[in-house]
2 protein chains.
Amino acid sequence: MTEPSPLPHPERDAIELTAVLFALSDEARLALVRQLSNGPLDMVDCLALGVNTPKSSRSHQVKVLREAGVIISELRGRRRQLTLRRSDLDSRFPGLLEAVLGA
Amino acid sequence: MTEPSPLPHPERDAIELTAVLFALSDEARLALVRQLSNGPLDMVDCLALGVNTPKSSRSHQVKVLREAGVIISELRGRRRQLTLRRSDLDSRFPGLLEAVLGA
DNA sequence: GTCATAGTTCGATGATAGTCGAACCAATTG
DNA sequence: CAATTGGTTCGACTATCATCGAACTATGAC
């Protein structure tokens with residue numbers, strides 16, 4: 001069983017459109033979301049955030065996506081697994097994710 | 001014939017996804033776009049930007065949408081008519097506008 | 001237990017974005 | 001023509017966001 005992450009995630013119904021759009025309006029974060037569209041990834045394996053980018057910066061970008069409700073960030077051992085909240089986003093904003101990823 | 005506006009608009013192919021998402025990530029701008037989805041509107045008639053909002057602030061918000069390629073801003077007499085660039089956006093990011101407006 | 005790994009949090013700093021008054025400009029009205 | 005209307009642009013200020021080092025925490029490896 002995966003223990004729930006201590007970091008807060010918004011409930012599905014609390015996800016706000018403007019927050020999602022803002023989170024996706026950054027090249028690096030958008031690249032990360034594209035990577036995650038192929039399945040979950042450990043944070044350390046996400047090269048979308050830049051290879052030489054310091055940990056604190058990477059952590060910040062992930063935080064923005066998490067707080068907007070775009071991804072889930074779960075502790076798995078000492079790593080953190082990132083998962084795109086595809087079904088939550090699809091149910092709340094149908095077609096949005098597909099349109100963004102398809103572009 | 002409507003004279004072309006002196007203000008610059010990006011070509012359809014130059015419209016960038018992140019710029020569009022950023023432009024739509026603001027409540028007031030999003031509200032304006034929703035209004036424009038019902039057809040063109042003169043800027044002075046757009047109450048989505050707020051009734052007491054000063055001219056310079058309104059102008060700024062419209063500028064962000066225009067520079068992102070979301071709307072066209074044409075001089076019509078001494079008014080400025082705003083039009084949603086629906087077909088340009090649809091052809092470049094299929095389904096995006098529909099998803100955003102439907103949410 | 002000790003050490004390395006993976007990541008968060010904090011605080012400072014720099015960059016970017018929003019707000020608004022004031023001056024300006026062009027087109028319409030009278 | 002002059003006055004009004006509708007809007008842009010500029011500059012100053014404020015607020016928000018991004019970057020990054022440093023300190024700290026927790027897990028897994030040895």
Side-chain angles (χ1 to χ4, degrees), chain A residues 1-9 16 18-33 36 40-68 70-83, chain B residues 1-9 16 18-33 36 40-68 70-83:
Chain A
M1 289 179 288
T2 305
E3 284 299 311
S5 161
L7 282 64
H9 295 76
E16 287 185 28
T18 48
V20 171
L21 295 177
F22 178 78
L24 298 177
S25 72
D26 176 85
E27 297 287 355
R29 290 192 294 255
L30 184 57
L32 175 53
V33 168
L36 294 181
L41 257 171
D42 284 349
M43 193 170 161
V44 73
D45 297 326
C46 295
L47 49 149
L49 293 173
V51 205
N52 317 6
T53 311
K55 297 186 294 180
S56 50
S57 301
R58 300 163 61 89
S59 189
H60 172 254
Q61 299 284 44
V62 167
K63 181 185 184 184
V64 173
L65 287 167
R66 172 178 53 79
E67 289 181 338
V70 178
I71 64 175
I72 285 180
S73 163
E74 291 173 300
L75 271 173
R76 286 193 141 253
R78 75 182 144 182
R79 295 166 151 240
R80 196 166 278 278
Q81 188 181 53
L82 307 182
T83 310
Chain B
M1 289 178 287
T2 306
E3 283 299 310
S5 161
L7 282 66
H9 296 76
E16 287 185 28
T18 48
V20 171
L21 295 176
F22 178 78
L24 298 177
S25 72
D26 175 86
E27 296 288 355
R29 290 192 295 256
L30 185 58
L32 175 52
V33 168
L36 294 180
L41 257 171
D42 284 348
M43 194 171 160
V44 73
D45 297 326
C46 295
L47 49 148
L49 293 174
V51 207
N52 317 8
T53 312
K55 296 187 294 179
S56 49
S57 300
R58 300 164 60 88
S59 190
H60 173 254
Q61 300 283 43
V62 168
K63 182 185 184 183
V64 173
L65 288 167
R66 172 178 53 79
E67 288 181 339
V70 178
I71 64 174
I72 285 180
S73 163
E74 291 173 300
L75 272 173
R76 287 191 141 254
R78 72 180 149 186
R79 295 167 151 239
R80 197 167 277 279
Q81 188 181 53
L82 307 182
T83 311

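Letters go in sequence order (proteins before strands), and every chain restarts at 1.
Considering only heavy atoms from C-beta on, A:Val20 stays 4.5 Å or farther from B:Leu21 through its side chain. With contacts defined as side-chain heavy-atom distances shorter than 4.5 Å, the pair B:Cys46/B:Leu82 qualifies. Between A:Leu65 and A:Val33, the closest side-chain pair of non-hydrogen atoms falls below 4.5 Å. Side-chain atoms of A:Arg79 and A:Glu74, non-hydrogen and from C-beta on, never get closer than 4.5 Å to each other. Within the 4.5 Å cutoff, side-chain heavy atoms of A:Leu36 are placed close to those of A:Ile71.
Between the CD atom of B:Glu27 and the P atom of C:dT19 there is a distance of 13 Å, given to the nearest Å. B:Glu67 places its CD atom 15 Å from the P atom of C:dT16, with the value rounded to the nearest Å. Following rounding to the nearest Å, A:Glu74 (CD) and C:dA6 (P) show an atom-to-atom distance of 18 Å. C:dT19 atom C1' lies 12 Å from atom CG of B:Asp26, rounded to whole Å. For the pair A:Leu41 CG and C:dG7 P, the interatomic distance rounds to 11 Å; values are reported in whole Å. For the pair B:Asn52 CG and C:dG21 P, the computed distance is 11 Å after rounding to whole Å. Taking atom CG of residue B:Leu75 and atom P of nucleotide C:dC25, one finds them 16 Å apart after rounding to whole Å. In this structure, CE of B:Met43 is placed 17 Å from P of C:dA27, rounded to the nearest angstrom.
A 6.0 Å sphere centred on CD of A:Gln81 holds more than 12 heavy atoms belonging to other residues, nucleotides or ligands.
For B:Arg29, the salt bridge (Lys or Arg N to Asp or Glu O under 4.0 Å) test picks out no residue, with sequence neighbours left out. Every residue meeting the side-chain contact (heavy atoms from CB on, under 4.5 Å) condition with B:Lys63, not counting sequence neighbours, appears here in chain and number order: B:Arg66, B:Glu67. Considering only residues two or more places apart in sequence or on other chains, A:Arg58 meets the side-chain hydrogen bond (donor to acceptor under 3.5 Å, both in side chains) condition with none of them.
Heavy-atom distances to DNA chain D give each of A:Gly77 and A:Thr53 a nearest nucleotide, and the one nearer the 5′ end belongs to A:Thr53. Checking A:Lys63 against A:Arg79, the closest nucleotide of DNA chain C that is more toward the 5' end is the one next to A:Arg79. Place A:Arg78 and A:Phe22 on DNA chain D by their nearest nucleotides, and A:Phe22 ends up nearer the 5' end.
The shortest heavy-atom contact between B:Thr83 and B:Pro40 is OG1-CB, 3.8 Å. A:Leu30 and A:Leu24 get closest at one heavy-atom pair: CB-O, 3.8 Å.
For the contact set between residues 54-62 of chain B and DNA chain C, defined by any heavy atom under 4.0 Å, the members are B:Pro54, B:Ser56, B:Ser57, B:His60, B:Gln61.
One axis for each end of the helix from C:dG1-D:dC30 to C:dG30-D:dC1, each built from five base pairs, and the angle between them comes to 30° at 10° resolution.
Protein chain A contacts DNA chain D over a range whose 5' and 3' limits, counting nucleotides with an atom under 4.0 angstrom from a non-hydrogen atom, are D:dC17 to D:dA29.
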